[in-house]
Structures are given as C-alpha cells and as structure tokens.
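All remarks here apply to the structure that follows.
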Amino acid sequence: MDDQPRLMHAHAAVGMSGHPGLSQHIPDNTGATDGDGRKQDIGDILQQIMTITDQSLDEAQARKHALNCHRMKPALFNVLCDVKEKTVLSIRGAQEEESPDAQLMRLDNMLLAEGVSGPEKGGGSAAAAAAAAASAGVGADNSTEHSDYRAKLTQIRQIYHTELEKYEQACNEFTTHVMNLLREQSRTRPISPKEIERMVNIIHRKFSSIQMQLKQSTCEAVMILRSRFLDARRKRRNFNKQATEILNEYFYSHLSNPYPSEEAKEELAKKCSITMSQVSNWFGNKRIRYKKNIGKFQEEANIYAARTAVSAASVSAHGSQTNSPSTPNSAAMRTYDHRLQ
DNA sequence: GAGCATGATTCGGA
DNA sequence: TCCGAATCATGCTC
C-alpha cells in the first residue's frame, strides 16, 4: 500500500534519456553498452505490460509479480508518471476553471435562513416571520397551523440531515475504495499520488453536485411548505354566531360613528376570540356593505336596536344606569346614513 | 352547481 | 396609518 510514495520519491534519483540519473543507478548486466541494455530492458517491460491483458488471470498475476520485481520498473514508472502528469496537466489546464459556486452559496444561505441547516432554532427566522404574519389573519386556529408548519419543517430538516449524512458517508467510503484501488493499481500502471489526489477531488466534486441537488430539493420543499402555509391565511372561516352578534351589536349601537377605537377593537377581539385585524376587517366590510345596501340591513339594525334597548332597560331597572350611551335609535342611524351619503 | 354571504387582500387617497 | 372601494376566495344555502 505505502510503497507508492517510496516508489515515486525514487524518481528524483532515477532517470532515463532526458531524465538524468538513470544511467548511474542501473548496472549493465548484459555486457552491451549502457544504451543498448536500457533499451532492451524497457522494451521488455513494455512488451510485458502490453500483453498482460491477453493472459489468463494466473499468468497475469505471475507477470505482475515479475514486473514489480523488475530492476527497471521504478525508473520506467517514474518516467511514465512524469509523461502522464504533463499530458494530463496540459489537457486539464484547458478544461478546468475554478468558479465560485454562487448557486451553492445561495442554497446554503437559504437553508440556513429557513432553519433547515445550521443550529436548530425552532423553525427558523423566516418560518417564525411567516408564522407571525399568518397569525394576524388565521385567528383562533393559528397556533395549530403554526405548530403544523413547524412540525413539517422539522420533518424536512430531519430528512435533509439524514440524506446529507448518507451522502457524506458514501463519499468517504467511495473515496477510500478508489484510493485503495488506485494504490493497488499503481503497482502495475503509472499512477502518481498527485493523480490519486486529483481523483479524490473529482469524487468530492461529484458528491458535491449530488449534495447540491439535495439542497435544491430541500429548498423547493421549504418553499412549497411556506406557500401552502401562507395561502392558509386566505382560507376564510366564518366567525361563530356569538362573535358576529357581538360585532353587530357594537356596530348598530354605534351607528352614528361605527369606528371602534383601538381599545374597543381590542376588547371586541378578546370577546370574539379573533384578532384586532379581523375586527378592523369586519368593521371595514360592514361599513361599506351597510352603506351599499341600507335597506337590506334595516331589519337587522332594528333587531339589534330592540335587543340593546331591552338590555338597557333591564340595566336601568336595576337603577345602575338610566340611559344607555350606546342605545341605537333611528336618529343615530339617520346620522350615519347622512354621513355615508 | 348557482348564487349569495362573508372574511381577507389590495390599492389609492387623505 | 387608516379608510373606502373593489376584488378575490371560500363558505353556506338551496
């Protein structure tokens, strides 16, 4: 396993033609000139390498062993590594260009903002903002929907982290496997540590692109969840009968000026178990619809006027109040009617 | 399913 | 920022 660095480091002291040092380290056992001996050795090795794939497994193994033991093998492999390195670099130089991965950064930032990646913070700031925005309109059910949103976001978060972990584990396993394979192969073919490193980088890049896809789908899932959640604000639910009666009572008893103050809105909201915005919406709608069709609302106004009068009378009968300030009467209605004209 | 009722949203004006 | 007006979207009734 670890013989490759040793094998490659020997390169500094070994060489061939154009690679100083080879002739000084290779004894000439053939009795021929140095040049002839080297050529014969190298030719022999190359021949063996070229024909190794035509042989049976056993023969190939034996040949592999013989090659590994060949006296010229380190020198030849170093030269081949050198040549390969230069060729690959010249090709890669034209192909590779490091560009900052803006898309990945955007995805990372979004996942962080949504609370999917990074430390758990109860659904993420954007989620919290969405929840806060929604709570203004959803009313009594907002807490349920909010928790539902958070539960789903947590689910997405869990899936994301599980998948990410899986990818990282697979990446590490695959990298180790490829490294071992290349080291093993470096016994029979020229593979330098640099090349192994490059291969590792390639693997990491491939796994990064898979991770990016995961991040992208996670972002999409969060966006869908958010849009669904925000759409829920539009989901209209009728107020319960009691709430409508309370609002109508106030409206008709303040017909001369049906604009509740902040305090009144707050109290009405509390009484009706709705939000202040809903109270404002209700009064806005009521005013405009009343104005548009006074005739239609006349009957309703009379009913609430009578009801308020009865309750006022009952209060005055108890001596605590002689006259209700909010008692509706036709004069008040006329006032508002006049105002609205 | 049509038509009406009603809560929510949007937009322009004061 | 609040309000009126228009509009949307959904609920309810028949």
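Here is the naming used below: chain letters follow the sequence lines, and residue numbers restart at 1 for every chain.
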Could you check how far [atom1] of [X] sits from [atom2] of [N], rounded to whole Å?
{"X": "Arg287(A)", "N": "dT6(B)", "atom1": "CZ", "atom2": "P", "result": "17 Å"}
{"X": "Trp282(A)", "N": "dT9(B)", "atom1": "CH2", "atom2": "P", "result": "18 Å"}
{"X": "Arg289(A)", "N": "dA8(B)", "atom1": "CZ", "atom2": "P", "result": "11 Å"}
{"X": "Asn238(A)", "N": "dT13(C)", "atom1": "CG", "atom2": "C1'", "result": "12 Å"}
{"X": "Ile288(A)", "N": "dT7(C)", "atom1": "CD1", "atom2": "C1'", "result": "12 Å"}
{"X": "Asn248(A)", "N": "dA5(B)", "atom1": "CG", "atom2": "P", "result": "14 Å"}
{"X": "Tyr290(A)", "N": "dG4(C)", "atom1": "OH", "atom2": "P", "result": "14 Å"}
{"X": "Arg237(A)", "N": "dC8(C)", "atom1": "CZ", "atom2": "P", "result": "23 Å"}

Where the side chain of Lys296(A) is concerned, which of dC2(C), dC3(C), dA5(B) is the nearest nucleotide?
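Among the listed nucleotides, the one closest to the side chain of Lys296(A) is dA5(B).
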Just compare dC3(C), dC2(C), dA8(B) and give me whichever is closest to any side-chain atom of Asn285(A).
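Shortest atom-to-atom distance from the side chain points to dA8(B).
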Exercise: identify the closest heavy-atom pair between Pro258(A) and Pro260(A):
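Looking at all heavy atoms of both residues, the shortest contact is O-CD, 3.5 Å.
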With Thr175(A), which residues qualify under side chain to side chain donor-acceptor pair (under 3.5 Å), at least two apart?
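So Thr175(A) forms no side chain to side chain donor-acceptor pair (under 3.5 Å) with any residue.
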My understanding is that only residues two or more places apart in sequence, or in another chain, count here; which of them pass side chain to side chain donor-acceptor pair (under 3.5 Å) with Glu245(A)?
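Glu245(A) satisfies side chain to side chain donor-acceptor pair (under 3.5 Å) with Arg307(A) only.
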Can you see if the side chain of Lys286(A) gets near the phosphate of dT6(B) - specifically, an N or O under 4.0 Å from OP1 or OP2?
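No, Lys286(A) has no side-chain N/O under 4.0 Å of OP1/OP2 on dT6(B).
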Any side-chain heavy-atom pair from Trp282(A) and Tyr250(A) closer than 4.5 angstrom?
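In short, these two side chains do not touch, never coming nearer than 4.5 Å.
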